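Note that the structure is predicted; figures quoted are calculated from it, not measured.
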Amino acid sequence: NPITRFAGAGDSQFARVGLEYDAFGWLQLRGGYSVDLEDTQPELLHAGFGISPFEVVHIDVVGLLGDDSAGAGVQLSLTF
């Protein structure tokens with residue numbers, strides 16, 4: 001679905017693909033790739049992992065890398 005952004009920023013429409021591998025039931029390895037079909041945003045390579053010991057604490061880490069951009073994110077959640 002196309003995304004209408006702020007005036008002057010141009011619209012975006014993304015195609016994305018990703019994989020996740022559950023290593024031991026508590027470790028998830030992830031990777032992906034996204035491309036903007038409208039060519040207003042850079043193509044990005046995504047890599048990350050998640051740790052969820054005892055299904056109580058969940059920590060997710062992701063890194064993003066493009067030609068002229070980079071980013072990272074961390075998420076912490078608790079299940080009880």
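Under the 4.5 Å side-chain criterion, counting only non-hydrogen atoms from C-beta, Asp60 is not in contact with Ile51. The shortest distance between side-chain heavy atoms of Gln41 and Phe14 falls below 4.5 Å. Using a 4.5 Å heavy-atom cutoff, the side chains of Val57 and Ser52 are not in contact. Leu44 has its side chain within reach of Ser34: a pair of non-hydrogen atoms, C-beta onward, lies under 4.5 Å apart.
Within a 6.0 Å sphere centred on CG of Asp22, other residues, nucleotides and ligands contribute more than 12 heavy atoms.
With rounding to the nearest 0.5 Å, the separation of CG in Asp36 from CZ in Arg16 is 9.0 Å. Taken from CD in Gln28 to CD in Glu20, the straight-line distance is 5.5 Å, to the nearest 0.5 Å.
Partners of Phe80 according to the side chain to side chain contact (heavy atoms under 4.5 Å, CB included) rule, which considers only residues two or more places apart in sequence or in another chain, are Leu78.
In the hydrophobic clustering, where aliphatic and aromatic side chains (Ile, Leu, Val, Met, Phe, Trp, Tyr) are joined below 4.5 Å either directly or transitively, Val62 groups with Leu64.
Side chains of Glu43 and Tyr33: a donor on one and an acceptor on the other come within 3.5 Å.
Leu29 and Leu45 sit in two unconnected hydrophobic clusters of ILVMFWY residues. Membership requires side-chain heavy atoms under 4.5 Å apart, directly or through other members. Cluster annotation: Val17 and Tyr21 are assigned to distinct hydrophobic clusters (Ile/Leu/Val/Met/Phe/Trp/Tyr, side-chain heavy-atom contacts under 4.5 Å, transitive). Val61 and Phe24 fall within a single hydrophobic cluster, where Ile, Leu, Val, Met, Phe, Trp and Tyr side chains are chained together by heavy-atom contacts under 4.5 Å.
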Original post:
Given Leu76 and Ile59, is the side chain to side chain contact (heavy atoms under 4.5 Å, CB included) satisfied, shown in steps?
Top reply: CA-CA 5 Å; Leu76 171 66; Ile59 301 170; 3.8 Å; yes

